[in-house]
Amino acid sequence: MTQLRPEEGPPGPGRRLTAEFYERDAVTVARALVGAWLEVDGAGGIIVETEAYAPDDAASHSYGGVTPRNSAMFGPAGHAYVYRSYGLHWCFNVVTEPGSAVLVRALMPLVGIEAMYARRGVEDERKLCSGPGRLTQALAIDGGHDRRPLDQPPFLLAEGLSAPSVVSGPRVGITRDVDRTWRFGLRGTRFVSRAFR
DNA sequence: GCCTCGATTTTCT
DNA sequence: GAAAATCGAGGCC
């Protein structure tokens with residue numbers, strides 16, 4: 001069981017992630033991002049939940065080619081793809097190989113927590129970043145971050161936990177290609193959007 | 001705790 | 001016109 005008490009967690013980010021990290025298939029990067037550090041303008045923590053989306057994947061926005069919304073998925077790896085979900089929420093993705101991306105679904109809050117509470121308007125720590133829409137609201141990510149490089153401010157993506165225990169399961173909220181178990185999570189944390197089983 | 005519902009953008013039929 | 005990579009509120013148990 002991965003230890004998740006804040007006092008035992010990483011004090012901060014390790015080495016910044018580079019192009020070689022992102023220029024791989026989405027499933028590999030999605031698994032590798034669990035336990036990584038994500039920070040946006042001083043607010044962030046450890047990524048605890050991701051999902052992979054690939055070009056030949058009917059559940060992916062990139063399935064069927066380039067549109068104005070998904071064009072970031074066909075741009076350089078290591079940049080952001082931010083889109084609006086259900087007309088209300090923003091969702092933050094990391095672009096990997098062409099037409100591929102990793103949806104970041106949940107985060108363990110560690111720094112800038114006061115700013116997150118203020119942006120979210122909730123009092124429950126578990127509701128700060130446990131879900132793609134909640135995470136973007138807590139970190140103040142919106143459409144203006146679409147296509148921006150992740151190796152420059154306001155973003156900081158870096159190594160986090162040294163050897164995270166990663167579990168997987170089916171992706172959330174999709175109806176096509178439902179059998180691909182491309183949702184990944186950190187074992188034992190309460191900060192995921194829903195339990196793995 | 002579970003279920004239903006509505007808000008609202010983008011895409012596809 | 002319908003569905004979608006969602007969330008939060010309100011009703012019920």
Side-chain angles (χ1 to χ4, degrees), chain A residues 22 25-34 36 38 40 43 47-75 77 79-109 116-148 150 157 166-186 190-197:
Chain A
Y22 299 110
D25 67 275
V27 173
T28 299
V29 176
R31 190 182 281 109
L33 278 174
V34 173
L38 168 62
V40 182
I47 294 171
V48 298
E49 186 181 344
T50 62
E51 282 179 2
Y53 289 90
D56 65 345
D57 166 15
S60 174
H61 288 173
S62 60
Y63 190 75
V66 185
T67 66
R69 178 175 66 157
N70 72 14
S71 65
M73 288 185 78
F74 295 90
H79 286 231
Y81 166 43
V82 180
Y83 70 90
R84 197 184 284 281
S85 172
Y86 290 88
L88 288 166
H89 313 286
W90 295 104
C91 289
F92 170 69
N93 298 249
V94 173
V95 177
T96 68
E97 287 180 335
S100 305
V102 175
L103 172 65
V104 180
R105 292 186 53 89
L107 188 78
M108 180 194 311
M116 296 192 208
Y117 277 116
R119 291 163 181 159
R120 291 279 298 120
V122 298
E123 307 197 350
D124 182 351
E125 182 182 38
R126 296 173 61 170
K127 290 185 175 178
L128 282 182
C129 298
S130 57
R134 292 167 173 174
L135 183 149
T136 55
Q137 187 179 31
L139 300 186
I141 295 172
D142 62 23
H145 294 93
D146 191 35
R147 313 181 68 89
R148 301 262 295 268
L150 300 174
L157 268 92
V166 179
V167 294
S168 64
R171 294 174 290 181
V172 173
I174 59 168
T175 57
R176 298 186 291 183
D177 272 324
V178 294
D179 292 334
R180 302 191 201 223
T181 53
W182 285 1
R183 175 178 178 239
F184 301 98
L186 183 65
R190 66 189 199 281
F191 290 100
V192 293
S193 63
R194 33 206 277 198
F196 287 80
R197 48 164 297 158

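Just so it is clear, the structure is predicted and the values come from calculations on it, not from any experiment. Chain identifiers are assigned alphabetically (A, B, ...) following the order of the sequence lines, protein sequences preceding nucleic acid strands; residue numbering begins at 1 within each chain.
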Donor-acceptor pair, distance only, cut-off 3.5 Å: does the side chain of A/N70 make one with the backbone of A/T67?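 Confirmed, A/N70 side chain pairs with A/T67 backbone.
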Side chain A/E51, main chain A/V172, donor-acceptor under 3.5 Å: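 Present.
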Does [X] have any side chain to side chain donor-acceptor pair (under 3.5 Å) partners at least two apart in sequence or in another chain, and if so, which?
X: A/D57; result: A/R171
X: A/R183; result: A/E49
X: A/E97; result: none
X: A/H145; result: none

Test ring-ring contact (aromatic ring centres under 6.0 Å, His included) applied to A/Y22 - qualifying residues, sequence neighbours left out: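 Testing A/Y22 for ring-ring contact (aromatic ring centres under 6.0 Å, His included), a comparison that skips the adjacent residues, returns none.
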With sequence neighbours excluded, tell me which residues meet ring-ring contact (aromatic ring centres under 6.0 Å, His included) with A/H79.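 Once residues adjacent in sequence are excluded, A/H79 has no partner under the ring-ring contact (aromatic ring centres under 6.0 Å, His included) criterion.
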Looking across every strand, which nucleic acid part, if any, lies under 4.0 Å from A/R171 by heavy atom: base, sugar-phosphate, or nothing?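 No contact.
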Please list each protein N or O that sits under 3.5 Å from an N or O in nucleotides 6-9 of chain C, with the distance.
from: C/dT6; atom 1: OP1; to: A/R105; atom 2: NH1; distance (Å): 3.3
from: C/dT6; atom 1: O4'; to: A/S85; atom 2: OG; distance (Å): 3.4
from: C/dT6; atom 1: O2; to: A/H89; atom 2: NE2; distance (Å): 2.5
from: C/dC7; atom 1: OP1; to: A/P132; atom 2: N; distance (Å): 3.1
from: C/dC7; atom 1: OP1; to: A/G133; atom 2: N; distance (Å): 3.1
from: C/dC7; atom 1: O4'; to: A/H89; atom 2: NE2; distance (Å): 3.0
from: C/dG8; atom 1: OP1; to: A/R120; atom 2: NH1; distance (Å): 2.9
from: C/dG8; atom 1: OP1; to: A/R120; atom 2: NH2; distance (Å): 2.6
from: C/dG8; atom 1: OP2; to: A/R134; atom 2: NE; distance (Å): 2.5
from: C/dG8; atom 1: OP2; to: A/R134; atom 2: NH2; distance (Å): 2.5

Contact boundaries of DNA chain B with chain A (under 4.0 Å, heavy atoms), 5' to 3'?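 On DNA chain B, the outermost contacted nucleotides are B/dA7 to B/dT11.
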Does A/R84 have any side-chain contact (heavy atoms from CB on, under 4.5 Å) partners at least two apart in sequence or in another chain, and if so, which?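 Only A/W90 meet the side-chain contact (heavy atoms from CB on, under 4.5 Å) criterion with A/R84.
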Sequence neighbours left out, what passes side-chain contact (heavy atoms from CB on, under 4.5 Å) with A/V178? Give chain and number order.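 Here the qualifying residues are A/I174.
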Are there any protein N/O atoms within less than 3.5 Å of an N/O atom in nucleotides 11-13 of chain C, and if so, which ones and at what distance?
none

Please work out the stems of DNA chain C from pairs that are Watson-Crick or G-U wobble with both distances under 3.5 Å, keeping only runs of three or more consecutive pairs.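 Stem list for DNA chain C: B:1-7 with C:6-12, B:9-12 with C:1-4.
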Would A/M108 and A/L186 satisfy side chain to side chain contact (heavy atoms under 4.5 Å, CB included), going step by step from the backbone distance to the final call? CA-CA 10 Å; A/M108 180 194 311; A/L186 183 65; 4.3 Å; yes
In the structure I gave you, are the side-chain heavy atoms of A/L128 and A/V122 within less than 4.5 Å of one another anywhere?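 A/L128 vs A/V122: side chains touch.
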